[in-house]
Amino acid sequence: MADKVSVVLPDGSKKEYSAGMAISQILRDFNQALAKGALATFLNGRMVDLSEKVQEDSEIKIINFDSEEGKEIFWHSTSHVMAQAVQDLFPGVKLAIGPPIKGGFYYDFDTQKSFEPEDLARIELRMKEIVKQNHPFKRRELAKSEAEEIFRQKGENYKLEILSELEEDRVVLYQHDDFVDLCRGPHVPATGVIKNFKLLSIAGAYWKGSEKNPMLQRIYGISFATKDELDQYLKRMEEMKRRDHRVVGKELELFSISDEVGPGLVLWHPKGAMIRRIIEDFWVEEHQKHGYQLIYTPHVARLHLWERSGHTGFYQEYMYSPMQVEDEHYQLKPMNCPFHILIYKSKLRSYRDLPLKLAELGACYRYERSGVLQGLFRVRGFTMDDAHIFCKREQLEEEVIKLLDFSLSMLKTLSFEKYQIFLSTRPDKSIGEEKNWEKAQDALRLALEKQELEFEVDEGGGAFYGPKIDLKIEDVMGRPHQCTTIQFDFNIPERFDLSFVDSDGNFHRPIMIHRALLGSLERFFGVLIEHYGGAFPLWLSPVQVRVMPITDEQNSYSAEIESRLKEEGFRVERDDRNEKINYKIRKAEKEKIPYMFIVGKKEVQDKNVSVRRHKKGDLGRFDLDEIIQKLKEEVKNKTVQPVAI
RNA sequence: GCCGAUGUAGCUCAACGGUAGAGCAACUGAUUUGUAAUCAGUAGGUUGGAGGUUCGAUUCCUCUCAUCGGCUCCA
C-alpha cells in the first residue's frame, strides 16, 4: 500500500495525504468552515461516513444538509437517536424500521404501550440528552450470522426478519452509545450534530404496510441543521393549519359535511356554491371552445349496465350496494363512462364524427373506507369534470397533445403553474393486445415529449384497461395534489362493441380516452381554498365588494353605490350596521372580501368612494366609474393577487 | 377497515363524581363613529348517541357514531 494517496478535494484541487487518514481529518485540513457542515461524503461517488479512511487515490465531495442525500442522512440519524430515546424510556419496545422520508423521518415500534402526545415531550427530552452527550456513530461491518446473534439476544425479531431477507453475507450495523441498529448508513459523525429536531405525531402503521401484519406504532419527526430552519418549518406547519380547507371552509361558510347527511358527502353553502358555479361556467365555456359537446346523464342505472361495463367485477369494492326498484336492481354510479358510451352508441358513427368529445360534470358516488375520508380531498360523493374522447388510432397523439394543452392552460388560469407528470404503463395483470398498449403508450410519450413536458414513467402503474398520464399540481405550500388524468381504455369499447364506419366503408373499433382535468370539483375546490388561503381572486370571490357607510347619514348613498355595482354585474354586499368603520373593516378583512368601498361625508360630497383592498389597505379615493372599470378588468383578466404563504 | 387521539353553546375553549362557564358570534338598547374589535344588557347547552356503575355522571366503564393523525387506496 502506498504511504501517500492523492486526494481530489471538493473544490477540485489535489493534495497528498498519508494513506489511512480519515476523511474528516482531510476535510479539516482542506477547509475548517466547510468541514464543519459536512455530514458525510461521496468518496469516489460512494456515500460514506466522515470517519471512513482514505486508502487509495480518491475524490472527495462533501454532503451537507442542503442536499437531498444530506437531509436523508441527517433524518436517518435522528431516527436512530429517537429510537434509542424510546428504548431507554420504555424498555421492551421492539424496533421495526426507521427510515427518512420526504419531509423528515419516522420509526416504527412494536409495544403493548400506546404512545401518547405527552410521551413525545419526554422522548424529546431524552433525545436532547443523547445529543448533548455527543456519541459518535460507529459503523461496523460483520457477518450476517453475527448480526443475527446480536439481535436475537436483544429479542429484536423484526430486525431478524429483515436480516433473513437480505441476500448479502456481510451486513452493517451502526452504534451510538449503547444503541445498535441494522443500517446501511452513512450517518452523521455524532449525535451532537442533531440539535434541532421535533417529534410531530404518533400513528398506527402496519408492519411492511400490509393489513395482514401486526399494527405498529409510528412516531414521525423532523430535524434540521439549524434552529432557524426548524423554526421556519414549524411556522410553515402553523400556516398550513391556518389554511386547512376544513377550517377555512367553515370560517368563510363555503361548505360543510354533516353527520346527519353522512361522511364524505358535501353540502355546498351559498358562498362555496357561488365559487363552484363560476368555475363550472368557466369550465363549460372552455369545453365548448375546445370542441366538446356537453351532456347530462342519470345518477343511477340498471345494475345490468354495470355488469356489461365490467364495473361490478373490477370496481365492486368502491360501489355502493345496489338498490331494488320494482324487482330490478339499480346502481348508484361510480363513474360516468357507460352513459357516455351509450350516447356514442345511440347512432351509427362515421369517421367524420371523430374525434367525438362528450363532456359532463357528473356526480359520482364511491364507497371509500371510513378511515380514508378527508375533508373535500377524499369524499364519497363527488363531481367529476369528466369527458370521453372517441377517436381513431391515428388521432391519438394529437388528441393527447390537445388535452395536455387544455389542462395546463385551464390550470394556469386557476393559478397552478407547477406540476409533476407521470406516465403509467402496462401492469402485469391487464387486458388488450400488446400492440395497442404500445401504440397508446407511444402516443402518450410522444405527446409529452413534443410539448417538452418533463415526466416520470411509472412502469406497470397503468390501469388494467389502459395506460395513462396523471398530473399532480403543486400548491403554494409545495404539496402535490392529484388533478388531471388522461386514461386510455381498451376494455370498455370491446365490452360495448363500439364501432365507426371508416372512409374505407368498413367498421372499426374507436379508441376511447377517459379524462378529467380538475379531477373532482370537490377536491379541486379544497385545493383552491388552501392555495389561496381563502382569499380568492376577484373573479372567483363570492362577495367581491362590500360597501360600508361610516355613519347612517351615508346609508342612502351607499345603497346607490350598491345597486350601481349590482347593475354592473358585481357581487356586492352592504354593511350599514350601526358600528364603527374599524369594526366593519375588520369584519370584511376577516371574510377576505377583495374590495371594501368606504363612504363617509367626503365621498358623498365629492360623489366618489374610498377603496380598500383586502390585505393591502387603503388605495385612496376613486371615481365610481373609474374603479368599476378597474374591477371589470380584474375580473375579465382573472387576475390573481400574489398568493403568499 | 385497522391503530391512536378527540367530541362541552353557532365558533374557540374552560370546569371534572355534587345536574356546566368565558370570549367571539346572535339578539335588544345606547352611541353616529374615517381604514383591523364602542359600551351595556338578553338569550343560548338532556356536555356526539345508547347502555352501565353510583344516592348522584359532562367527569368512571362498555358499546356506537363522527372527526383528526396515520397505514392502504384513489377523482
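Lettering follows sequence order; numbering is per chain, from 1.
- Within 4.0 Å (heavy atoms only), A:E589 reaches at least one base atom of the nucleic acid.
- With a cut-off of 3.5 Å on both Watson-Crick or G-U wobble distances, the partner of B:rA9 is given as none.
- Under the stacking definition used here (centres under 5.5 Å, planes under 30°), the residue A:Y583 fails to qualify as stacked on the base of B:rA36.
- Using atom P as the reference point in both B:rU8 and B:rU67, the two lie 14 Å apart (nearest Å).
- Between A:F524 and A:F416, the angle of the ring planes goes over 60°, which puts this pair in the perpendicular group of the 30/60° scheme.
- If you check every strand for non-hydrogen atoms under 4.0 Å, A:G617 touches nothing.
- Ring planes of A:Y595 and A:F597: perpendicular class, angle over 60° (limits at 30 and 60°).
- No side-chain N or O of A:R243 forms a donor-acceptor pair with one of A:Y532 less than 3.5 Å apart.
- Distance CZ (A:R577) to C1' (B:rC27): 13 Å, rounded to an integer number of Å.
- B:rG17 and B:rA57 are spaced 7 Å apart, taking the C1' atom of each and rounding to whole Å.
- Ring orientation note: the planes of A:Y158 and A:W207 are nearly perpendicular, at an angle over 60° on the 30°/60° scale.
- Residue A:I598 contributes atom CD1, which lies 11 Å from atom C1' of B:rA36 at whole-angstrom precision.
- Here A:E165 pairs with A:K208 in a salt bridge; the nearest charged N to carboxylate O distance falls below 4.0 Å.
- Between the CG atom of A:N582 and the P atom of B:rG34 there is a distance of 8 Å, given to the nearest Å.
- The side chain of A:D552 approaches B:rU32 more closely than any other nucleotide in the set B:rU32, B:rG70, B:rU38.
- At the phosphate of B:rA75, neither OP1 nor OP2 sits under 4.0 Å from any side-chain N or O atom of A:Y318.
- Atom P of nucleotide B:rC68 and atom NE2 of A:H245 are separated by 8 Å, given to the nearest angstrom.
- A sub-4.0 Å separation between OP1 or OP2 of B:rA75 and a side-chain N or O of A:Q487 is present.
- Applying the 4.0 Å criterion to OP1 and OP2 of B:rG1, one finds that A:S370 has a side-chain N or O inside that range.
- The CD1-P distance, from A:I581 to B:rU32, rounds to 16 Å in whole Å.
- Using a 4.0 Å heavy-atom criterion, one finds that A:S210 contacts no nucleic acid atom at all.
- If you check B:rA36, B:rU38, B:rA75 against the side chain of A:E579, the one that comes closest is B:rU38.
- Of all nucleotides listed (B:rC74, B:rU35, B:rG34), B:rC74 comes nearest to the side chain of A:R366.
- Close to B:rC68, at under 4.0 Å from its OP1 or OP2, lies a side-chain N or O of A:R246.
- Taking the P atom of each, B:rU53 and B:rU58 are spaced 15 Å apart, rounded to whole Å.
- With no hydrogens or angles considered, no side-chain donor-acceptor pair links A:S114 and A:Q217 at under 3.5 Å.
- Taking atom CD on A:E211 and atom P on B:rC71, their separation rounds to 12 Å, with Å as the unit.
- Counting to the nearest Å, the P atom of B:rA75 and the CD1 atom of A:I469 are 15 Å from each other.
- Of all nucleotides listed (B:rA75, B:rG69, B:rA36), B:rA36 comes nearest to the side chain of A:I585.
- One can place CG of A:D575 at 13 Å from P of B:rA25, the figure rounded to the nearest angstrom.
- The side chain of A:D618 sits closest to B:rU35 out of B:rA75, B:rU35, B:rA66.
- A:R218 comes within 4.0 angstrom of the backbone, heavy atoms only, and of no base.
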